[in-house]
Amino acid sequence: MASKGAGMSFSRKSYRLTSDAEKSRVTGIVHEKLLNDYLHRIFSSPDHVPPAATSRKPLNFQNLPEHLDQLLQVDNEDEESQGQVEGRLGPSTVVLDHTGGFEGLLLVDDDLLGVIGHSNFGTIRSTTCVYKGKWVYEVLISSQGLMQIGWCTINCRFNQEEGVGDTHNSYAYDGNRVRKWNVTTTNYGKAWAAGDIVSCLIDLDDGTLSFCLNGVSLGIAFENLSRGLGMAYFPAISLSFKESVAFNFGSRPLRYPVAGFRPLQDPPCADLVRAQRLLGCFRAVLSVELDPVEGRLVEKESSEWQLQGQPTILLTLAHIFQRFAPLLCKVYLVEAVLMSFLLGITEKGTPAQAQSLVHQVLDLLWLFMEDYEVQDCLKQLMMSLLRLYRFSPIVPDLGLQIHYLRLTISILRHQKSRKFLLSNVLFDVLRSVVFFYIKSPLRVEEAGLQELIPTTWWPHRSSREGRESKEVNEETAEERLRRRAYERGCQRLKKRIEVVEELQVQILKLLLDNKDDNGGEASRYIFLTKFRKFLQENASGRGNMPMLCPPEYMVCFLHRLISALRYYWDEYKASNPRASFSEEAYIPPQIFYNGKVDYFDLQRLGGLLSHLRKTLKDDLASKANIVIDPLELQAATMDDLDEDDEATPAGTQVWQYRPMQALAIGGALPLPRPGWLSSPTLGRANRFLSTAAVSLMTPRRPLNTLEKVKVRTLSVEQRTREDIEGSHWNEGLLLGRPPEEPEQPLTENSLLEVLDGAVMMYNLSVHQQLGKMVGVSDDVNEYAMALRDTEDKLRRCPRRRKDILAELTKSQKVFSEKLDHLSRRLAWVHATVYSQEKMLDIYWLLRVCLRTIEHGDRTGSLFAFMPEFYLSVAINSYSALKNYFGPVHSMEELPGYEETLTRLAAILAKHFADTRIVGTDIRDSLMQALASYVCYPHSLRAVERIPEDQRITMVRNLLAPYEQRPWAQTNWILVRLWRGCGFGYRYTRLPHLLKTKPEDANLPSLQKPCPSTLLQQHMADLLRQGSDVAPSFLNSVLNQLNWAFSEFIGMIQEIQQAAERLERNFVDSRQLKVCATCFDLSVSLLRVLEMTITLVPEIFLDWARPTSEMLLRRLAQLLNQGLNRVTAERNLFDRVVTLRLPGLESVDHYPILVAVTGILVQLLVRGQASETERATSVLLADPCFQLRSICYLLGQPEPPAPGTVLPAPDRKRFSLQSYTDYINAEELAQVEQMLTHLTFASAQAAAASLPTSEEDLCPICYAHPISAVFQPCGHKSCKACINQHLMNNKDCFFCKATIVSVEDWDKAANTSTTSSAA
């Protein structure tokens, strides 16, 4: 039979499958009866009752359109899906009223269904209201903050303080505070979380209002609603800053429809019926096969269907899709019909069969629909999929999430669809990072964690590094059983989560595929463009919150990206033996300066990129063979690039050629400025990129003398595969290889850019989120401690006190229930954020950064081009591994742990004082990281393992004058190297703070002392050998001590004055904090002086050195002043310490007096006799010396009589003898010996002292006789004053003339000389 319809063509696309000349062939394939049976089988009646074969009308392709029209005819009731409905007023398409129905500043999405709060408490309502009947709408919660969702009337007036539920005739549910609002508020419902769906129901027949959370009713919230004339209710919401939701009034199928309640927006019922009937026809095509040989229809499983190009089937599908295609462009129908159909496919058969069938369905969509229709359909399909995935409830087997991810993978396996979605949808329209996120359940009982983890357990003490535990109880048998049962439950949970994670990694593997470049650009290079723009939005738009990817999403995205990246990296290594494994990955340094990768406005180590290009252009030319055009450098400093089309005359261009010898050693070949750099189309597009460089790489093949190579630096959107991977002699991203770098490639260049992006992601928000999630573990520890305390009280409580026992039992129950909840939630957090695999990912990223920094450092001055975030990530990732992943996983178990610690130590030791690094913030971060590093034994030993020359350089930098850098951190490092060796300096916490609980016991300052004798020895050697090192270092230390202690005294005077005022007043907490900081700095500076005197006493006591006497006199002056201030009877220091103000906890007698005592004992007791005599004479000669201050150390009000035994100390007074747990007997004996010595020496000095005329005293200090005269001005002072002054200033005290020299002056000698001359 020759069907006339076989040659028809549709206006939508040309489906000319046969022609009249081909009728014989078609007739030979499908005869008339078989075609009739086939079409009747496919296009059966809606009621699916097959008519008798004798009564039905024969069908062929000629009369099929008429049959289809009858098949798709819809009843009048279904047709009336639009228009006014009784009980509803307003447009049939319901959206948010962004023109007049809002209060405050809000950001509304393009579809007018999503809203983000951008002010204190903004309110918005819908365009449609209801006054009769039962209605429902859904709200998709994107953030779990402060929001009030419900209904209001048009007469409600809101402001920035009062929103929905705060006025009459407005009603709201607040899942953040778990309350309902209608002027007053009461408890109601459950807490919501991001990813939940709230259904808002209003029954205006009964006058009630209720809410559902994820389809579960929360009960009636309000009754007796006002109804009648003029009373109509609008959906409305009030939300605070940054909070976001999306509404579904019915434009999409309701996720949780409620029987008897109607959505505010009617579904397209008629189109829905037509789409479902056409889908039934399509299903029939998939389940019926033509057998032209046997002349019969064969039923088969649709999962086994294969598109084989049979003309009859193709023409049948063409008729279906001619009517189906317009319907598939509607949002509601895509989700209700196509999505349901595709999800059904993934449920049946094997994953391979499902993927095959989905692939063929997509082939048919692209074949029979216009491109714009397919694209719109795919866009809506992916939006629906992402919405379903994001707002699916957590179930024990994560079945819903797995279901949606498998369909996503099946769609993305279709190459043409994947490229379209990647180019236009995934990063442009959707926040596709959601696909890589696994949301944490806020309500563990709904997530089924109680069944999955029936037994809960929590650690009884923290085992983080540095934390001390007074209770060292062994684990009981019952606790061991509970712990093991809990761990088994955690493993079950982890395995289920790993299934989801593996599917997410598969999605990224598809997006990173670079072998699908047939007929266009490969997916990986499209992904790179979108990924870079994604990073730019999050790096540059930190003030624009809606643009930012939530940190919890970024964490999951990073881990999945690392897994996919390492897979492709090692796959490339398998086929290219010269490449490296992912374990050896790093970013080559040329990527940072050749302009091929855009780093936006992120700071470089050496400052701004434009500045670096100017100052380091010669180094770029000599080391990297990159030439910077002077004209481009000038243009880069302007606000806009020159966009004029004026071309430089050919005669003005200067072409210079270097000989081949210059090229062989890495010389650069200057090139003329190409026209494309001044093109109007490229000028603005590349404004934030590296447009100024015209680069010539070191060639792989010899270049002729006159041969020129131009390499274009393009914007992200303009780059091609060749620009990234390179070709022939072009190295792509690796252009400008320095001589220190190996020639063989690490991997594909595109993977290097992905790795670079992963490092940037960690810096943007991942580290912050890792620290935030530790809060769950901290909550567990706090509740566990509270439970233990309660149980202890229960055991000690007398049985007769029934009331107390009842309260304690109630508290015990509350704490136990909370711990059960938190321990299950902690299991989820550990599985998704802190698992061993996640820890290895962060560790791998740390090692990548270390190798990158090491390779960049070898390039010399070009190291300045490296972005700052590489050093930040190295520091922060180590901190995360050490502090966030314990106690479940220990960093010590990681492969190569010791080596990694040593490499990081070497980087910190070298770069904390690196002059190539100019950024204040990154220099401070390096200093703080090194200060923290030396607080822990493992990391301190790593510092000691670095090469000796690097250790010595580090110590030399630490001893540089403090005025040149942040000296507080430097001093802290030196103090930690000494802590554990000084006088009474073996404590972890100060004695008076032992009874208080520290805010964070893992702080570096609360770690056990771990001094480094090796680094102390380096310090001693440097101070001995360098003639200028010791004076400049100690002068800066003494200057800072003088400043810090003076500031401290001034501040406590202000605090005391404020405390004595009669009126009620409050001392600023910041002032208290600064005061405590100055005190701590004073103590630490004193400890550094103690270390210096102990290690190298000759610096102060060997007066053959020109500065020793001056340094000793300055030290004695500061020690005496400090002692006098602290030890005076009922003085200012005593009164402030007695107040015990919050913020001044560290201010106490012990730390400062013990530090001063350590210095005095070292000077007066432990030295040689001659040295002790010098120190004694200087100390006693200082006018501020008071023997009473020394007696105060042992609790004695007055000096004892010579030869008498020291009496027992008064307990009401401070005495070192009261701190026997901190000061040993030998140290106490030395203090007593020092007091005896000073008592005797001061008595002798008093007897031998002669009165001195005031005219002969130094006019600066009035403590010492004049002993020096300044040249050329002739003014005089004592040597101590002038030497101290000359350390910092060369001008005369009195006349400000420049002092050329200082000469000794003796009054008697000068008087006799004057007499002789006369």
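In what follows, residues are counted from 1 in the order of the sequence shown.
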Walk me through whether Phe1133 and His1149 qualify under side-chain contact (heavy atoms from CB on, under 4.5 Å). CA-CA 9 Å; Phe1133 187 86; His1149 293 83; 3.7 Å; yes

Can you name the nearest heavy-atom pair linking [X] to [Y], along with the distance?
X: Arg1188; Y: Thr1127; value: NH1-O, 3.1 Å
X: Arg951; Y: Glu944; value: NH1-O, 3.0 Å
X: Phe1033; Y: Leu958; value: CE1-O, 4.3 Å
X: Leu940; Y: Cys1010; value: CD2-O, 2.8 Å
X: Ala929; Y: Leu908; value: CB-CD2, 3.9 Å
X: Ala1044; Y: Leu1081; value: CB-CB, 4.3 Å

How about [X]: does its [atom1] atom have over 12 heavy atoms from other parts shown lying under 6.0 Å from it?
X: Asp949; atom1: CG; value: yes
X: Glu1173; atom1: CD; value: no
X: Arg1125; atom1: CZ; value: no

Would you call [X] and [Y] a side-chain contact if the rule is heavy atoms closer than 4.5 Å?
X: Ile946; Y: Lys910; value: no
X: Asn1224; Y: Arg986; value: yes
X: Cys1075; Y: Leu1144; value: yes
X: Trp972; Y: Cys935; value: yes
X: Val934; Y: Ser939; value: no
X: Leu977; Y: Pro1011; value: no
X: Leu1118; Y: Leu1089; value: no
X: Leu1023; Y: Leu1034; value: no

Can you list, pair by pair, the side-chain donor-acceptor contacts under 3.5 Å of residues 1159-1167, counting residues two or more places apart and other chains?
| from | atom 1 | to | atom 2 | distance (Å) |
| --- | --- | --- | --- | --- |
| Gln1162 | OE1 | Arg1166 | NH1 | 3.2 |
| Arg1166 | NE | Gln1230 | OE1 | 3.3 |
| Arg1166 | NH2 | Gln1230 | OE1 | 2.9 |

Is the distance between the ring centroids of Tyr985 and Phe983 less than 6.0 Å?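 Here the rings of Phe983 and Tyr985 have centres that are no less than 6.0 Å from each other.
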
With sequence neighbours excluded, tell me which residues meet ring pair (Phe, Tyr, Trp, His ring centres under 6.0 Å) with [X].
X: Phe1045; value: none
X: His1018; value: none
X: Tyr933; value: Tyr878
X: His1237; value: none

Sequence neighbours excluded, which residues qualify as salt bridge (Lys or Arg N to Asp or Glu O under 4.0 Å) partners of [X]?
X: Arg1105; result: none
X: Lys1276; result: none
X: Arg1087; result: Glu1090
X: Arg916; result: Asp857, Asp914

Sub-3.5 Å donor-acceptor pair from the side chain of [X] to the main-chain atoms of [Y], do we have one?
X: Gln1017; Y: Leu1015; answer: no
X: Ser1108; Y: Ile1099; answer: yes
X: Ser932; Y: Gln928; answer: no

Relative to the ring of [Y], is the ring of [X] parallel (under 30°), tilted (30 to 60°) or perpendicular (over 60°)?
X: Phe1048; Y: Phe1079; value: tilted
X: Phe1214; Y: Tyr1219; value: tilted
X: Tyr1150; Y: Tyr987; value: perpendicular

Run the side-chain contact (heavy atoms from CB on, under 4.5 Å) test on Gln1186 and Leu1123 for me, step by step, so that the C-alpha distance in whole Å, both residues' side-chain angles and the decisive distance to 0.1 Å come before the verdict. CA-CA 9 Å; Gln1186 296 181 16; Leu1123 275 173; over 6 Å; no

With sequence neighbours excluded, what pairs up with Pro1097 under the side-chain contact (heavy atoms from CB on, under 4.5 Å) test?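 For Pro1097, the residues satisfying side-chain contact (heavy atoms from CB on, under 4.5 Å) (neighbours in sequence not counted) are Leu1101.
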
With salt bridge (Lys or Arg N to Asp or Glu O under 4.0 Å) as the rule and sequence neighbours excluded, what pairs involving residues 1146-1157 come up?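 Checked against salt bridge (Lys or Arg N to Asp or Glu O under 4.0 Å) - neighbours excluded - the pairs reaching residues 1146-1157 are Arg1140-Asp1148.
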
Scan for salt bridge (Lys or Arg N to Asp or Glu O under 4.0 Å) pairs involving residues 1091-1100, sequence neighbours excluded, and state none if there are none. Arg1024-Glu1098

Rounded at 0.5 Å granularity, tell me how far CE in Met954 sits from CG in Leu959.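 It comes to 9.5 Å.
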
How long is the gap from CZ on Arg976 to CG on Leu930, to the nearest 0.5 Å? 12.5 Å

Step by step, would you call Gln1016 with Cys981 a side-chain contact (heavy atoms from CB on, under 4.5 Å)? CA-CA 11 Å; Gln1016 289 175 18; Cys981 298; 3.6 Å; yes

Do the side-chain N and O atoms of Asn1124 and Ser1189 include a donor-acceptor pair separated by under 3.5 angstrom? yes

Any chance the side chains of Asn1042 and Arg1114 put a donor and an acceptor closer than 3.5 Å?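 There is no such pair (donor and acceptor under 3.5 Å, judged by atom type) between the side chains of Asn1042 and Arg1114.
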
